[in-house]
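This report concerns only the one structure given below.
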Amino acid sequence: MPKRTSSLFQKHRPSWTAPVELLSFGLYFLCAVLLVLSRIGHGTLTDARDEIVDLSAPFLELASVPAVEARRFVDRVRLNVRVHRNAVDEIDRLTTENEELKQWQWRTQLLERKVAHLRKLLHAAEEPALVYASGRVIADARGPFVRSALVNLGRNDGVRVGYAVINGDGLVGRTVEAGDSVARVLLLNDLNSRIPVLVGPNGARAMALGDNSAELQLDFVEAGATIYAGDEVYTSGSDGVLPRGLRVGAVAGEPGAYKVRPFAELNSLDSVSILFFDAPAITRTDPDAVVDRGGALSALPPREPREDRIVSGTSVPLPPVAAMSSPVAGQAQAER
């Protein structure tokens, strides 16, 4: 029975199956030939493949446009959903923060009225507001032993030696030299920088010392003081040069080896402000400059020399300080 069925199928097989089988065999053979030629790196096949790729590139690009546009549409939808969600969260956060700020504003106004009332009762003297001038850092000196910067402000702008220099983050340093239009600033981390500070909420007295590194040493801490990492450090004003309360940095490190990480980024200073705080120490060491000062950058303003000196009954003019040798000039400035 099976043999009769197979013979009947072969007898009634369509006539078009033979060309199909021949075409399939030809395609298989062509694929095998192309595979062999591609494996041996035949130049003709490589050129033909490049031509086919060049011809099909525009069609492939055209066919990919719908997919690209669909992907962009999905990305835009996701972005809009994310932005909307973030906007809603941000609005809620700002609304809550605004309510809290209104409460703090009311408390601040109440405290200000109380403080003003207490000041009137105590006849307290009002602290004068600090005047300042802002400028740009035009040069900085970085080396193994120097940390300073030049600011385009000088004595013509009212700058004097010893003024505090700050930026938006906190204290940067103080002026050590001043010319007519340029001043040199000794940065906090300079080896010669010594700043009396207060540490923490209890105001423990200490000294912030520069050592030409990124952080300051915290030394000479008063006995019995309790210091924790993260405590804020600010100037004490006990040196009679810097005003009290300027933000310096935060305590870092471990107990016994605490350091101060400055708030200001001292390696990338751009704009700074110089505070005109005429403390007694500044007035004594850097008196008001004379009118004719020559414009040189100096630590102290030049003074008019005495007209002459009597030696053995003879009037001998006094040589200017600039004409002396450097050790003699330094001694003359120290004696002044």
Side-chain angles (χ1 to χ4, degrees), residues 128-143 145-195 210 212 235 237 239-248 262-305 320-324 326 328-336:
L130 290 178
V131 182
Y132 63 92
S134 300
R136 300 182 65 86
V137 175
I138 58 177
D140 57 353
R142 301 178 188 175
F145 306 106
V146 178
R147 294 292 188 277
S148 65
L150 290 180
V151 183
N152 61 347
L153 297 172
R155 295 189 183 275
N156 291 336
D157 304 295
V159 176
R160 298 170 69 176
V161 174
Y163 279 171
V165 182
I166 64 173
N167 65 358
D169 299 321
L171 183 65
V172 171
R174 58 185 179 88
T175 57
V176 291
E177 296 179 358
D180 283 348
S181 58
V182 178
R184 183 178 298 278
V185 179
L186 185 73
L187 301 182
L188 289 178
N189 58 346
D190 188 89
L191 190 62
N192 298 311
S193 177
R194 303 289 186 271
I195 298 177
N212 290 342
T235 58
D239 56 353
V241 176
L242 300 177
R244 182 188 178 96
L246 298 180
R247 302 173 69 242
V248 177
F263 290 133
E265 185 61 40
L266 302 177
N267 293 328
S268 58
L269 295 175
D270 184 14
S271 298
V272 296
S273 297
I274 299 180
L275 301 180
F276 296 165
F277 181 71
D278 292 323
I282 296 179
T283 305
R284 183 174 61 254
T285 58
D286 186 8
D288 292 335
V290 295
V291 176
D292 185 12
R293 52 181 178 265
L297 188 66
S298 61
L300 293 177
R303 301 180 180 177
E304 295 181 355
V321 176
M324 301 181 183
S326 57
V328 178
Q331 182 179 1
Q333 289 186 358
E335 290 176 354
R336 293 180 182 177

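Atoms considered below: every heavy atom in the structure, side chains included; atoms not considered: hydrogens, waters and symmetry mates.
- With values rounded to the nearest 0.5 angstrom, Asp169 atom CG is found 7.5 Å from Arg247 atom CZ.
- Ser193 places no side-chain N or O within 3.5 Å of a backbone atom of Leu186 that could act as its donor or acceptor partner.
- When all heavy atoms are compared, the tightest approach of Ser148 to Arg184 is OG-NH1, 3.4 Å.
- Closest approach of Val159 to Ala178, counting heavy atoms only: O-CB, 4.4 Å.
- Between Leu269 and Val172 there is a side-chain heavy-atom pair separated by less than 4.5 Å.
- A pairwise comparison of heavy atoms in Arg160 and Arg155 identifies CA-NH1, 4.2 Å as the closest pair.
- Here the side chain of Ser181 pairs no donor or acceptor atom with the backbone of Leu153 at under 3.5 angstrom.
- For the residue pair Arg136 and Asp270, the shortest heavy atom distance occurs at NH2-OD1, 2.6 Å.
- The minimum heavy-atom distance linking Leu171 with Ala164 is given by the pair CD1-CB, 4.2 Å.
- The line from CG of Leu246 to CZ of Arg174 is 13.5 Å long, rounded to the nearest 0.5 Å.
- No donor-acceptor pair under 3.5 Å is formed between the side chain of Asp190 and the backbone N or O of Leu187.
- Using a distance-only test at 3.5 Å, with no hydrogens or angles considered, no donor-acceptor pair links the side chain of Ser273 to the main chain of Asn167.
- Side-chain contact between Ile274 and Asp157 is absent, with no heavy atoms from C-beta onward closer than 4.5 Å.
- For the pair Arg147 and Asn189, the tightest heavy-atom approach, listed with the atom from each and the gap, is CB-OD1, 3.5 Å.
- Counting only heavy atoms from C-beta outward, the side chains of Tyr163 and Asp278 approach each other to under 4.5 Å.
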side-chain contact (heavy atoms from CB on, under 4.5 Å) between Val272 and Val185, worked out: CA-CA 10 Å; Val272 296; Val185 179; 5.8 Å; no

side-chain contact (heavy atoms from CB on, under 4.5 Å) assessment of Val131 paired with Phe277: CA-CA 8 Å; Val131 182; Phe277 181 71; over 6 Å; no

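- For Asn152 (side chain) and Gly135 (main-chain N/O), no donor-acceptor pair under 3.5 Å exists by modelled atom type.
- Around atom OH of Tyr132, no more than 12 heavy atoms belonging to other residues, nucleotides or ligands sit under 6.0 Å away.
- Remark: side-chain polar atoms of Asn156 are paired, donor with acceptor, to backbone N or O of Asp180 under 3.5 angstrom.
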